[in-house]
Amino acid sequence: QVRLVESGGGVVQAGGSLRLSCVASGGTPSNTAMAWFRQAPGKESEFVAVISWDGFYTNYEVSVLGRFTLSRDNAKNTVYLQLNGLKPEDTAVYYCAATIGYGIPTAEFEYDYWGQGTQVTVSS
């Protein structure tokens with residue numbers, strides 16, 4: 001059973017940066033795409049970014065493009081989401097998700113494994 005554990009959330013002022021990490025354990029297959037979703041208070045969950053199993057392909061939600069960068073270190077079974085230029089509207093609980101396969105899906109229903117979430121709060 002794949003287990004995902006996020007870390008790195010916190011409180012930061014607008015314009016600041018954070019780096020979120022997600023460590024996968026439990027025998028994660030090599031062909032596993034990893035993604036981040038977020039859910040702000042009172043809003044539906046939304047896709048943030050995804051990276052292919054080999055790290056060659058990424059896709060980002062338009063509002064974070066150019067500010068967030070997703071990368072992975074397969075030797076450490078870890079993905080990193082670098083958040084730069086944070087805005088108050090980025091405030092949310094950020095969830096790491098994994099799905100076995102060679103694509104880079106962006107829909108929640110395509111992901112089988114989820115972390116517990118890490119809170120990101122951006123003050124104005």
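The figures here come from the full heavy-atom set of this structure, side chains too, leaving out hydrogens, waters and symmetry mates. Sequence positions, counted from 1, serve as the residue numbers for this chain. These numbers were taken from a predicted model, which means no experiment stands behind them.
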Student: Decide whether W36 and M34 are clustered together by the hydrophobic rule: side chain heavy atoms of Ile, Leu, Val, Met, Phe, Trp, Tyr closer than 4.5 Å, transitively.
Tutor: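 Linked, W36 and M34 end up in one cluster.
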
Student: Determine the minimum heavy-atom distance between L4 and C22, stating which atoms define it.
Tutor: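 L4 and C22 have their closest heavy atoms at CB-SG, 4.0 Å.
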
Student: Let me check something: do Y57 and I51 share a hydrophobic cluster, defined by ILVMFWY side-chain heavy atoms less than 4.5 Å apart, either directly or through other members?
Tutor: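 Different clusters.
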
Student: For the hydrophobic clusters of this structure (ILVMFWY residues joined by side-chain heavy atoms under 4.5 Å, transitively), does one cluster hold both F68 and L18?
Tutor: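 Per the 4.5 Å side-chain linkage, F68 and L18 are co-clustered.
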
Student: For residues 24-73, which residue pairs qualify under disulfide bond (SG atoms under 2.5 Å apart), counting only residues two or more places apart or in two chains?
Tutor: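 Applying disulfide bond (SG atoms under 2.5 Å apart) to every pair that reaches into residues 24-73, excluding sequence neighbours, yields nothing.
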
Student: For Q39 and K43, which heavy atoms make the closest approach, and how far apart are they?
Tutor: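 Looking at all heavy atoms of both residues, the closest pair is NE2-O, 3.0 Å.
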
Student: Applying ring-ring contact (aromatic ring centres under 6.0 Å, His included), can you list everything that pairs with Y111, at least two apart in sequence or on another chain?
Tutor: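 Per chain and number, Y111 pairs via ring-ring contact (aromatic ring centres under 6.0 Å, His included) with F37.
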
Student: Is any side-chain heavy atom of E108 closer than 4.5 Å to a side-chain heavy atom of W114?
Tutor: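 Yes, close enough: below the 4.5 Å cut-off.
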
Student: Side-chain heavy atoms nearer than 4.5 Å, only ILVMFWY residues, links allowed to pass through others: does that put V48 and V23 together?
Tutor: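 No; tracing contacts between hydrophobic side chains, which count when under 4.5 Å, never links both residues.
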
Student: How long is the gap from CD on E89 to OG on S63, to the nearest 0.5 Å?
Tutor: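 Reported value, rounded in 0.5 Å steps: 8.0 Å.
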
Student: Count the heavy atoms belonging to other residues, nucleotides or ligands that lie under 6.0 Å from CZ of R67, then report whether that count exceeds 12.
Tutor: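 Counting neighbours around CZ of R67, more than 12 heavy atoms of other residues, nucleotides or ligands fall under 6.0 Å, so yes.
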
Student: Can you name the nearest heavy-atom pair linking F47 to P105, along with the distance?
Tutor: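 The answer is CE1-O, 4.4 Å.
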
Student: Name each donor-acceptor pair under 3.5 Å that joins a side chain in residues 93-104 to protein atoms two or more places apart or in another chain, with its distance.
Tutor:
unit_1, atom_1, unit_2, atom_2, d
Y94, OH, R38, NH1, 2.9
Y94, OH, D90, O, 2.7
T99, OG1, E110, O, 2.8

Student: If two hydrophobic side chains count as joined below 4.5 Å and joins carry through other members, does L65 share a cluster with F56?
Tutor: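 Different clusters: L65 never reaches F56 through Ile, Leu, Val, Met, Phe, Trp or Tyr contacts under 4.5 Å.
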
Student: Tell me which donor-acceptor pairs under 3.5 Å the side chains of residues 116-124 have, and how far apart each pair is, sequence neighbours excluded?
Tutor:
unit_1, atom_1, unit_2, atom_2, d
Q116, NE2, E6, O, 3.4
Q116, NE2, E6, OE1, 3.4
T118, OG1, G9, N, 3.1
Q119, NE2, A92, O, 3.4
Q119, NE2, T121, OG1, 3.3

Student: Please list, one pair per line, the donor and acceptor atoms closer than 3.5 Å that link side chains of residues 71-86 to other protein atoms, with sequence neighbours excluded.
Tutor:
unit_1, atom_1, unit_2, atom_2, d
R72, NE, N74, OD1, 2.7
R72, NH1, T32, O, 2.8
R72, NH1, S52, O, 2.8
R72, NH2, T32, O, 3.1
R72, NH2, N74, OD1, 3.3
D73, OD1, A75, N, 3.1
D73, OD1, K76, N, 3.4
N74, ND2, W53, O, 3.0
T78, OG1, K76, O, 2.8
Q82, NE2, N84, OD1, 2.9
N84, OD1, S17, OG, 2.9

Student: Distance from Q1 atom CD to D112 atom CG, nearest 0.5 Å?
Tutor: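 Interatomic distance, Q1 CD to D112 CG, rounded to 0.5 Å: 9.5 Å.
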
Student: Supply the members, apart from F109, of the Ile/Leu/Val/Met/Phe/Trp/Tyr cluster built from side-chain contacts under 4.5 Å; use none for a lone residue.
Tutor: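 Noted: F109 shares its cluster with no other residue.
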
